[in-house]
There are 2 protein chains.
Amino acid sequence: LSDLVERLSTLLGPRLRTDEAARAAHCRDRWVLGELADLEGRAAPLPLAVAEPESAEEVASVLRLCREARTPVVTYGGGSGVCGGVRTASGEVVLATRRLAGLVELGADDLVARFRAGTNGLAAEKRVQEAGLTIGHWPQSIDLASVGGLIATRSAGQYSTAYGNAEDVLLALEAVLPDGRILRTRETPRAAAGPDLRQLFLGSEGIFGVITEVTFSLRPLPEAMRGQAFHFGAFGAGLDAIRAVLREGWRPPVVRLYDVTEGERAFTAWCPKGRAFLLLVHEGPAALVETQLRAVAARCREAGGVAADAAAADHWLEHRNQVPSLRGFLEKGIVVDTIEVAATWSRVLPLYERLLVSLREVPGILAASAHSSHSYRSGTNLYVTFAVRPAERSAMAAAYDECWRRVMEATLAAGGGIAHHHGIGRVRRPWLAAELGPAGLATLRALKRALDPEHLLNPGVLLPDGAEA
Amino acid sequence: LSDLVERLSTLLGPRLRTDEAARAAHCRDRWVLGELADLEGRAAPLPLAVAEPESAEEVASVLRLCREARTPVVTYGGGSGVCGGVRTASGEVVLATRRLAGLVELGADDLVARFRAGTNGLAAEKRVQEAGLTIGHWPQSIDLASVGGLIATRSAGQYSTAYGNAEDVLLALEAVLPDGRILRTRETPRAAAGPDLRQLFLGSEGIFGVITEVTFSLRPLPEAMRGQAFHFGAFGAGLDAIRAVLREGWRPPVVRLYDVTEGERAFTAWCPKGRAFLLLVHEGPAALVETQLRAVAARCREAGGVAADAAAADHWLEHRNQVPSLRGFLEKGIVVDTIEVAATWSRVLPLYERLLVSLREVPGILAASAHSSHSYRSGTNLYVTFAVRPAERSAMAAAYDECWRRVMEATLAAGGGIAHHHGIGRVRRPWLAAELGPAGLATLRALKRALDPEHLLNPGVLLPDGAEA
């Protein structure tokens, strides 16, 4: 065993795991290319060891020991990422946060809950619900992800239209910097005390430090909840309806518009053939929910929408986190993935059309569709799903890359943003320079050099050409 | 004339101003200690020259020339800061943004307006109102400040409870980095493409670059507007009412609770003696405003509030940006200033009581009071006003420092945040280390070294011990 492993073992005892099962369980996230690599016998190299620190101080010690040994550290939360944010190389150490778990403090009057960063997302939500409160942050990965990972990736929740995304539910955090120092942001509702240091870690994907605590700003569980649904003659008409609703200041937590393909596939019982399907969930005081239901119905009618059975919302609520097995498709020679991008209202329909046309030109494409699931005053996201079966099994990775390239290029050409909420990881790195521009990318690199001059934290992620020092 | 002045003059022609009037007009902001220093014959040294670039490219050239000459650059927007964010030293160059003015692009469907950074805040608001839209960001300095300055200081608007603060109305920005590179963030409603680079400039107070364009996310002008007012037996009861209103999810744009002292002083005609005074303005679709008015009235009654004449809101709307002359007070030997801090709900009433007790112990104190003007689910701000007349005129600066020290220390002791929205500037620098903690401050210093290794942008501001390289 290496000297580093010995020193980490002295520090952590049995919480330093060097058995092959532990190392294999932490060598990658749920990126479909990782799954495909496994299937094709090109699995990621196993890390040296998996460290499971129990405190911020232990995290600091792990980082210091690894730094002394010039050994890269990959932080592993819930392992639910889908962009390759975790993929180990041999000789690296994985820092798993699972033992940094549980509620530290709940302030019901202040609507504040402080969790250790390895706490499972659904466990955290259930814990605050016991007190009649909610985090209101429902990414599809909630039962897999850690709360630290939800912050480090700038995740979005299904209820974002009213409750916001990771950056909106985060009140404060604690993180261990690459040099082992522990940073805690102040637990205050708002500050103008220099740039907001929480933002360094929101979206950092493990390259600037290890998040060890997350303090959420909560809400009471709502008094009322009501589903609502409409169908439209075209995707664009549904977009117009959402734009009108948000423009007026209404904020239903869930606003999801499925295109004709997805409406038929996912809402067969409720969506007439050839129609786009809009599903909403309203929450809040009963008086607000009633007022908002009426206003949304009026805006939808004006945009040509026809009311559909609100039972579709119950169906969605029940099934919303069920995802088909990627592995099952891969074994049939089919690669399936999702890509989320965003654009302002005037750009989003041209983008939708452009990227579907482009995807449908890929040889072997079986399906290409999209929905909008996170809307803002100025625009919305597109959540694209594609399935491709190339003629040769050996071409699956290449076909996958081709689909991604087309969606990324269509998005940049239409003036959209390449990543709405899954992050950059490894899959989007080739397009980060175009997204941020040369000065933006240079700034991100300068921050990396300032905080982690030896590039030891999660190398290969986020920054293009991760080897560049 | 120095070599640098000659080169800047070649670049800018008459837009490089070296006359004493221009230099004197740009040597400080509206910090009361600057005003006092003037009165006492200790005025700030004049800068070498005032550069007035007309484009981002010219800003880049100014920064490059100054960097070559190792000359510090102080960016000057509207000059409305009240914390000493602008105070020149001899040999420095002022970069005034006033000629970077006007609307670049208005996207009414996307609710987006791009302004050059030197545009006056009120001019920007009026411009979008011509299109039936609003930025909805109403800091008290709106008719003085530049839109770039409003972002660089993380300003808060009077309508923040519904519309958010600087960070919430900002969609994108362009900034020139210290090395002259031009950074533009992508105009997209939301991204998870690494840390949000806009955040480096929000609150940077001129130390990381020069903001040259600001793109706001707008709203349509509201259909309905209604004022509302209540009085309470104690400040704490009013806080309970606001907390209950926000907790339920209601968002009146203006929510202002004045303590007994301020209620009597500012709302004599409407606030019975000895009562705290709560003033609200509701905006939005008429149906929402009506529903919200009723809900707020119910929550206020439950907290012991008594309805007052809503005409008080009209009075406030008319007079909200009238500020008495600091100079007039100084000439009478009285120093008047305001200090805004923030805390979570459970900490804010103890903080209110502690800081008023502490201020009232200062020899020569004439008045000390506070109101809450920006509320959040998790807490609120306190906006403290004090007036002190020391026995000796020569002790005015010392008395001022003593008042600030007491409010800052009371805030830190109560677990509050030292700066809600005026920024750090020079006045709060001694307490920034306590606000951010040692690792937070070290991180901020690391960012400064990464972006401006020679410390040439606005030295002496924000970072404690600005001389530290």
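Sequence lines set the chain letters: A, B, ... in the order given, protein chains first and strands last, and positions in each chain run from 1. Quick caveat: nothing in here was measured; it's all calculated off a predicted structure.
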Against chain B, label [X] side chain, backbone, both or neither, depending on which of its atoms sit under 4.5 Å from a heavy atom there.
X      : result
A:L288 : both
A:L177 : side chain
A:T185 : neither
A:S375 : neither
A:L462 : side chain
A:D168 : backbone
A:R243 : side chain
A:A244 : neither
A:L451 : side chain

For residues [X] and [Y], determine if any side-chain heavy atom of one lies less than 4.5 Å from a side-chain heavy atom of the other.
X      : Y      : result
B:T380 : A:P189 : no
B:M408 : B:I339 : yes
A:Y376 : A:N165 : yes
A:I418 : B:R186 : no

Roughly how far, to the nearest 0.5 Å, is the [atom2] atom of [Y] from the [atom1] atom of [X]?
X      : Y      : atom1 : atom2 : result
B:Y159 : B:T134 : OH    : OG1   : 8.5 Å
B:L170 : B:F216 : CG    : CZ    : 7.5 Å
B:L412 : B:W431 : CG    : CH2   : 9.0 Å
A:R377 : B:R219 : CZ    : CZ    : 3.5 Å

One thing to verify: whether B:R198 and B:E187 come together as a salt bridge, which I'm taking to mean a side-chain N less than 4.0 angstrom from a carboxylate O.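 Salt bridge between B:E187 and B:R198, a charged N being under 4.0 Å from a carboxylate O: no.
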Salt bridge A:R114-A:E174, side-chain N to carboxylate O under 4.0 Å: no
Out of [options], return the one with the most heavy atom pairs under 4.5 angstrom to chain A.
options                        : answer
B:A175, B:A192, B:A152         : B:A192
B:A442, B:A156, B:A162, B:P220 : B:P220
B:V348, B:T188, B:L432         : B:T188
B:R347, B:E205, B:E223, B:Q292 : B:R347
B:R181, B:R190, B:R184         : B:R190
B:T443, B:L444, B:L246         : B:T443

Heavy-atom cut-off 4.5 Å, strictly under: side chain, backbone, both or neither for [X] against chain A?
X      : value
B:L218 : backbone
B:A343 : backbone
B:I182 : backbone
B:A286 : neither
B:F201 : neither
B:I424 : both
B:L200 : both

Going through the checks in order, is the side chain to side chain contact (heavy atoms under 4.5 Å, CB included) test met by A:S372 and A:N381? CA-CA 5 Å; A:S372 148; A:N381 79 318; 4.2 Å; yes
Quick one about A:S346 and B:D109 (side-chain donor to acceptor, distance below 3.5 Å, no hydrogens or angles considered), yes or no? no
Quick one: which of A:H420, A:H422, A:H374 gives a side-chain hydrogen bond (donor to acceptor under 3.5 Å, both in side chains) with A:E340?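 Running side-chain hydrogen bond (donor to acceptor under 3.5 Å, both in side chains) over A:H420, A:H422, A:H374 with A:E340 returns exactly one hit, A:H422.
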Do you know which of A:P285, A:A450, A:G437 has the most heavy-atom pairs with chain B at a distance under 4.5 angstrom? A:P285
